[in-house]
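Take a look at the structure below.
Below, chain A is the first sequence line, B the second, and so on; all start at residue 1. Heavy-atom basis, side chains included; hydrogens, waters and symmetry copies ignored.
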Amino acid sequence: MDRSTALQDIPKHFDPGSVEEKWYDFWKENGFFHSEPDDRESYTVVIPPPNVTGVLHMGHMLNNTIQDVLVRRARMRGKNACWVPGTDHASIATEAKVVQKLRKEGITKADLTREEFLEHAWEWTEEHGGIILQQLQKLGASCDWERTRFTLEDDLYESVIDCFIELYNRGYIYRGKRMINWDPEAQTALSDEEVIHREEQSKLYHVRYRIKNSDRWVTIATTRPETILADTGVCVNPGDERYRELIGETAIIPMVEREVPVIADDYVDMEYGTGCLKITPAHDENDYQIGQKHDLEIIDMLKPDGTLSETAEYYVGEDRFKARELIIADLQERNQLVDVEEMTNKVGYSERTDAVIEPRLSLQWFCRMDKLSRPAHENVMNDTIQFYPAKFKNSYNHWMENIRDWCISRQLWWGQRIPAWYYGDGRDDYVIARTKEEALEKAREKTGDPSLAGSDIHQDEDVLDTWFSSWLWPITVFDGIREPDNEEINYYYPTDDLVTAPEIMFFWVARMIIAGYEFRGEKPFSNVYYTGIVRDSQRRKMSKSLGNSPDPIKLMEEYGADGVRVGMLFSSPAGNDLLFEEQLCEQGRNFANKIWNAFRFLSMNKQEDTEYSRDLDIDKTNLVDRWMLSRLHETIAGINKDMESFRINEALHKIYSLIWDDFCDWYIELIKADEPGTDIPEQRLARGLNFFEELMKLLHPFMPFITEEVWQHIRPRKTEEAMIVASWPAFDQSAVSAEDQALFSKIQRIISAVRNIRAEFKLSPNDNIDLLISAGDEQTARALRNNEWIFQKLQHIDTLEIRVDLAKPETSASAVVEGTEIFVPLKGFVDLDKERERIRKEIDRLQGFLKSIEGKLNNDGFVNNAPEEVVQRERDKKADTETNLEKLRGILRELE
RNA sequence: GGGCGAUUAACUCAGCGGUUUAGAGUGCUUCCCUUACAAGGAAGAAGUCGCAGGUUCGAAUCCUGCAUCGCCCA
């Protein structure tokens with residue numbers, strides 16, 4: 001057949017764009033992603049649901065690539081793999097986006113009813129929602145799209161409400177007035193986890209308060225002088241000599257001229273500021289505690305939007321930060337501002353809106369966590385659920401040990417509405433019910449007033465924290481709350497692996513574990529793999545607001561999805577941050593190209609009308625076949641072990657190296673046709689193809705597209721024989737031969753030594769040389785002689801002689817490999833100085849090596865204490881090195 | 001303030017049970033369009049493994065302290 005035609009048929013470069021969509025559709029349309037319960041063992045992963053209106057970023061790329069690797073490998077191993085995709089309604093973020101969009105249209109949220117607003121929100125969600133899931137398909141994510149869920153769809157909504165009611169009935173949910181984190185921008189309460197503390201440069205203001213009926217003053221220090229207007233006490237440490245006489249006196253708050261007591265409490269740090277603390281119970285958590293203890297008045301001076309209310313008396317209607325400036329000026333004017341100190345302190349910001357958080361006393365719904373969290377705490381500490389890397393157990397433990405009640409109500413509309421119905425203004429004038437009818441009935445019962453009408457009760461306006469729905473995710477995607485004994489939940493739960501970012505360990509992972517034990521009595525997953533954070537070359541976290549993140553879609557267009565996947569995985573061991581560089585994707589693309597060309601080469605050699613056997617054994621008489629098989633199985637074992645311990649990048653490195661370094665650089669070179677221009681003999685090619693197929697299987701989870709593409713080209717396949725469902729190669733210990741590997745490695749080293757001689761003496765690879773190999777013993781000589789063809793194949797050689805104790809020809813370049821001498825006669829062109837220099841350098845290196853070995857062996861402690869095996873190894877090394885040195889010295893003598 | 005982690009070649013990172021005078025990719029130098037692949041091949045240079053102690057026969061690896069950087073929590 002005409003070889004040049006075959007060459008033209010297959011392009012020189014792999015073009016990912018032309019195959020990715022084709023194979024993705026093929027997999028999807030043939031149901032390879034879909035799972036139904038059956039007899040096989042299940043392997044389940046639930047996706048960490050991204051925000052419904054979110055856009056794919058590099059963190060998602062990393063995270064979902066890893067999930068896909070796990071899922072694809074499990075599928076190939078014959079498990080019933082199920083990867084459930086979906087999105088999260090992200091109350092605050094989505095509501096903020098909708099509000100913003102409406103504002104552009106001249107509509108404010110206040111103009112709308114709840115129902116109207118929700119209509120807009122759903123519209124927005126349907127328009128922008130799920131883009132991110134589309135984008136994941138480009139990456140190759142093998143999710144079961146028929147199972148796509150959204151946290152706000154009806155049955156998930158219902159399940160969340162059920163759980164609220166259940167927890168309320170079990171006594172875990174309560175309503176209370178407590179200090180909470182208030183986001184004045186979103187105008188809602190937040191949980192502690194949603195507050196980000198940032199250290200900043202700020203000012204500590206020293207302000208003096210007059211003591212009533214005296215000419216004395218007391219100086220307090222504060223970073224938030226505007227809250228002075230709501231002060232209801234001044235506090236000092238009881239052990240503080242400076243202020244002892246002031247305790248019990250009355251201080252006068254500046255501006256408002258309020259009279260407040262000077263109290264004593266150990267809480268006050270004498271070293272901090274002036275050692276004298278102003279107390280504002282309504283606007284600071286600690287102040288609130290002290291206020292409660294000492295029965296201080298609570299004065300709330302802020303409106304929900306962060307402006308000052310009438311209660312403040314001054315600066316009413318001004319924003320809190322503007323008020324701060326104003327009061328500083330006024331205090332200065334009154335001569336009450338005595339000092340301004342530069343300092344750093346931590347300021348809390350809203351995780352979603354980035355507004356400065358106001359601690360605020362507010363009536364909210366809480367979930368009591370101490371008892372609820374106990375099984376979740378224990379079962380991570382005792383490794384029933386394993387964290388990768390395990391170091392994250394420490395922070396989990398710390399959080400669990402200091403767990404605080406969870407504020408679960410949000411003053412928003414986008415989310416599951418709290419099923420509490422009020423019939424009066426009293427704090428306990430409510431009932432918990434699924435429907436208005438049920439609520440009315442309960443309210444009548446509770447009040448004993450049968451005349452209560454529907455118009456007398458109203459439902460709580462607030463919704464639940466988004467995480468209060470996503471903590472049920474591994475259960476609700478299988479409808480395990482409403483139908484706790486359904487076939488799917490029983491089959492898929494507990495799920496297997498969860499892949500997520502350490503940032504949401506408390507928000508989400510910990511809470512899922514809590515919910516899993518509470519509602520299913522069982523863990524939600526067995527392993528949690530924490531990915532690193534993707535950063536840019538300046539170590540900044542990649543984010544949309546910084547604009548330092550490449551567009552993943554463009555990246556995939558440029559390097560191919562496989563290339564980007566490899567790029568992401570290459571330098572991302574679990575839990576370590578990865579500095580993303582496009583170069584990594586380039587490396588991935590180049591690897592795809594290498595594979596493509598290996599495939600191209602093998603294909604070029606195929607004869608039309610020939611069916612290459614799939615189950616042909618290796619040629620047992622051929623060292624190269626035995627070596628390749630041995631390396632293959634060694635790698636299978638290594639990858640399996642790496643994957644079990646979630647060392648995914650290590651596994652990828654292993655298959656990368658096996659394909660590139662072993663298969664392409666050596667195996668293919670050695671199966672090439674003996675005569676240029678002719679094709680590889682059938683059986684030899686069949687064996688090469690078989691090896692290549694095994695390599696493609698091992699690579700498939702990492703690079704799904706190119707592997708499927710070449711797999712389908714190698715032979716005609718039926719649909720059910722697709723790469724995606726090919727069997728993962730089984731490890732066979734008997735295929736691994738240390739002996740074959742050692743011999744082949746020796747041959748490789750001899751060839752490298754010859755190449756080095758060529759390079760040093762400027763011989764072109766095409767120049768024919770004579771090669772003399774002088775083995776130290778007959779056994780080695782015979783082994784090498786049996787494989788003469790390998791030297792002939794990889795080097796242009798006129799005459800090759802392999803014997804024991806060959807004499808060094810004059811004017812030749814030499815090298816010694818593992819006691820075997822190599823001579824390349826240079827026909828008078830040898831630069832003797834250069835050759836002597838080469839040999840001396842090698843002697844120096846070996847002498848240094850020998851010295852370090854002798855150091856060990858001359859040490860009695862080592863010889864007596866180290867394991868015999870280790871000592872023997874050193875002895876062998878010493879003997880080998882001495883032999884090599886002796887031979888090199890002999891060579892040098894002849895040169896001098 | 002408490003905790004966790006990092007510090008290895010010019011750059012980005014591996015190095016899991018202690019033992020080939022430390023590995024990969026990129027970059028660099030030299031040579032090569034050799035029967036697939038220049039997005040490639042061959043050869044090579046390049047590191048007292050942050051600092052100081054300690055344990056040990058032996059430490060990049062374990063322990064302690066310090067320095068610098070990062071993250072988490074209060």
Side-chain angles (χ1 to χ4, degrees), chain A residues 3 7 10 12-14 192-193 196-197 269 285 346 389 391-399 401-402 404 502-503 505-506 533 535 537 539 541 559 563 570-573 575-581 583-584 586-605 641-642 645 647 649-650 653 656-657 661 664-665 668-669 672-680 751-760 762-766 794 796 845-853 855-867 869-871 873-874 876-877 880:
Chain A
R3 291 168 52 85
L7 256 170
I10 307 172
K12 225 167 155 179
H13 293 314
F14 176 58
D192 296 334
E193 286 67 33
I196 298 169
H197 296 275
D269 177 358
E285 168 84 53
K346 293 270 179 106
K391 66 178 179 187
F392 286 112
K393 274 168 78 176
N394 292 324
S395 22
Y396 181 86
N397 186 43
H398 184 260
W399 188 78
E401 277 177 350
N402 298 284
R404 309 197 340 193
E503 305 168 285
M505 176 158 60
F506 309 130
I533 292 167
R535 299 177 180 280
S537 52
R539 293 196 176 273
K541 191 174 156 182
Y559 299 103
F570 250 137
S571 64
S572 68
N576 278 8
D577 289 359
L578 89 98
L579 265 62
F580 181 79
E581 286 176 295
Q583 263 182 354
L584 292 170
E586 200 177 318
Q587 197 186 337
R589 178 199 60 183
N590 292 354
F591 182 42
N593 202 49
K594 186 75 184 175
I595 292 161
W596 181 250
N597 277 288
F599 155 71
R600 182 167 168 258
F601 174 74
L602 295 172
S603 297
M604 253 166 49
N605 279 277
K641 194 162 165 255
D642 288 339
S645 46
R647 296 170 174 280
N649 65 325
E650 290 285 324
H653 270 287
Y656 179 92
S657 167
D661 304 333
C664 292
D665 288 350
I668 288 191
E669 288 307 319
K672 280 181 175 174
D674 302 319
E675 291 298 319
T678 62
D679 285 330
I680 300 174
I751 285 169
S752 287
V754 176
R755 283 172 177 162
N756 176 274
I757 288 169
R758 281 189 188 269
E760 290 287 339
K762 309 262 182 260
L763 294 174
S764 137
N766 294 325
L794 298 177
H796 285 100
R845 193 183 69 83
L846 288 180
Q847 273 173 337
F849 188 43
L850 187 62
K851 216 175 142 190
S852 81
I853 299 167
K856 288 180 196 175
L857 289 171
N858 291 339
N859 182 338
D860 286 344
F862 175 75
V863 179
N864 296 330
N865 296 324
E869 200 187 298
V870 173
V871 178
R873 198 171 346 170
E874 293 303 314
D876 292 347
K877 259 155 68 178
D880 292 349

task: Looking only at side-chain atoms of K594(A), point me to the closest of G44(B), G40(B), C4(B).
output: G40(B)
task: Would you mind telling me which of A38(B), U20(B), G41(B) lies closest to the side-chain atoms of D665(A)?
output: G41(B)
- prompt: With distance as the sole test, does S657(A) use its side chain to make a donor-acceptor pair with the main-chain N or O of H653(A) at under 3.5 Å?
  reply: no
message: Take a 6.0 Å sphere around NZ of K877(A) and say whether it holds more than 12 heavy atoms from other residues, nucleotides or ligands.
response: yes
message: What I want to check is whether an N or O donor and acceptor connect the side chain of K672(A) with the base of A36(B) at under 3.5 Å.
response: yes
message: At 4.0 Å (heavy atoms only), tell me whether N593(A) reaches a base, stays on the sugar-phosphate, or touches nothing.
response: base
- request: Might you confirm whether atom CD of E401(A) has over 12 heavy atoms from other residues, nucleotides or ligands at distances under 6.0 Å?
  value: yes
Selection from U20(B), A39(B), U19(B) that lies nearest to any side-chain heavy atom of H13(A): A39(B)
query: Would one find a side-chain N or O of N756(A) under 4.0 angstrom from OP1 or OP2 of A42(B)?
result: no
message: Using a 4.0 Å heavy-atom cut-off, does N865(A) contact any base of the nucleic acid, only the sugar-phosphate backbone, or nothing at all?
response: base
message: With a 4.0 Å cutoff (strictly under), does any side-chain N or O of N597(A) reach OP1 or OP2 of A36(B)?
response: no
message: Taking only side-chain N and O atoms of K391(A), does any of them lie within less than 4.0 angstrom of OP1 or OP2 on G3(B)?
response: no
field: Separation between the P atoms of G5(B) and A14(B), rounded to whole Å
entry: 15 Å
message: Checking contacts here: which listed nucleotide (U19(B), U26(B), G15(B)) is nearest the side-chain heavy atoms of R647(A)?
response: G15(B)
- prompt: A9(B) and U48(B): how far apart are their P atoms, nearest whole angstrom?
  reply: 8 Å
- prompt: Just how far is it from atom CG of N593(A) to atom CZ of F591(A), taken to the nearest 0.5 Å?
  reply: 11.5 Å
message: Using side-chain heavy atoms (C-beta onward) and a distance below 4.5 Å, is L857(A) in contact with V871(A)?
response: yes
- line: Side-chain contact check for H653(A): nearest option of C37(B), A24(B), A36(B) is A24(B)
query: Which nucleotide sits closest to the side chain of C664(A): U34(B), U30(B), A36(B)?
result: A36(B)
statement: For nucleotides 68-74 of chain B, 5' to 3', base contacts (B), sugar-phosphate-only contacts (S) and non-contacts (-) with protein non-hydrogen atoms under 4.0 Å give ---SSBB
query: Side chains of H13(A) and R589(A): does their closest heavy-atom pair fall under 4.5 Å?
result: no
field: C1'-based separation of U20(B) from C28(B) [nearest Å]
entry: 27 Å
message: Check this one for me: any side-chain N or O of S752(A) less than 4.0 Å away from OP1 or OP2 of A43(B)?
response: yes
- prompt: Quantified in whole Å, what is the P atom distance between nucleotide A74(B) and nucleotide A10(B)?
  reply: 41 Å
task: Measure from the side-chain heavy atoms of E650(A) and tell me the nearest of G40(B), U35(B), G15(B).
output: G15(B)
field: Complement of G70(B), any strand, by Watson-Crick or G-U distances under 3.5 angstrom
entry: C4(B)
query: Quick one: K393(A) NZ to G3(B) C1', roughly how many Å, whole number?
result: 16 Å
task: Kindly indicate whether a cation-pi arrangement holds for K594(A) with Y656(A), taking the cut-offs as under 6.0 Å to the six-membered ring centre and within 45° of the axis.
output: no
field: ring pair (Phe, Tyr, Trp, His ring centres under 6.0 Å) partners for W399(A), two or more places apart
entry: F506(A)
Separation of atom CD in E760(A) from atom C1' in A45(B), rounded to whole Å: 12 Å
message: For a quick check of understanding: with a heavy-atom distance under 4.0 Å over all strands, which category does R755(A) fall into, base, sugar-phosphate or nothing?
response: sugar-phosphate
task: Taking atom P in both A39(B) and G23(B), compute the distance separating them and give it to the nearest angstrom.
output: 29 Å
- request: Determine the contact category for R758(A): base if any of its heavy atoms lies under 4.0 Å from a base atom, sugar-phosphate if only primed atoms, P, OP1 or OP2 are that close, otherwise nothing.
  value: nothing
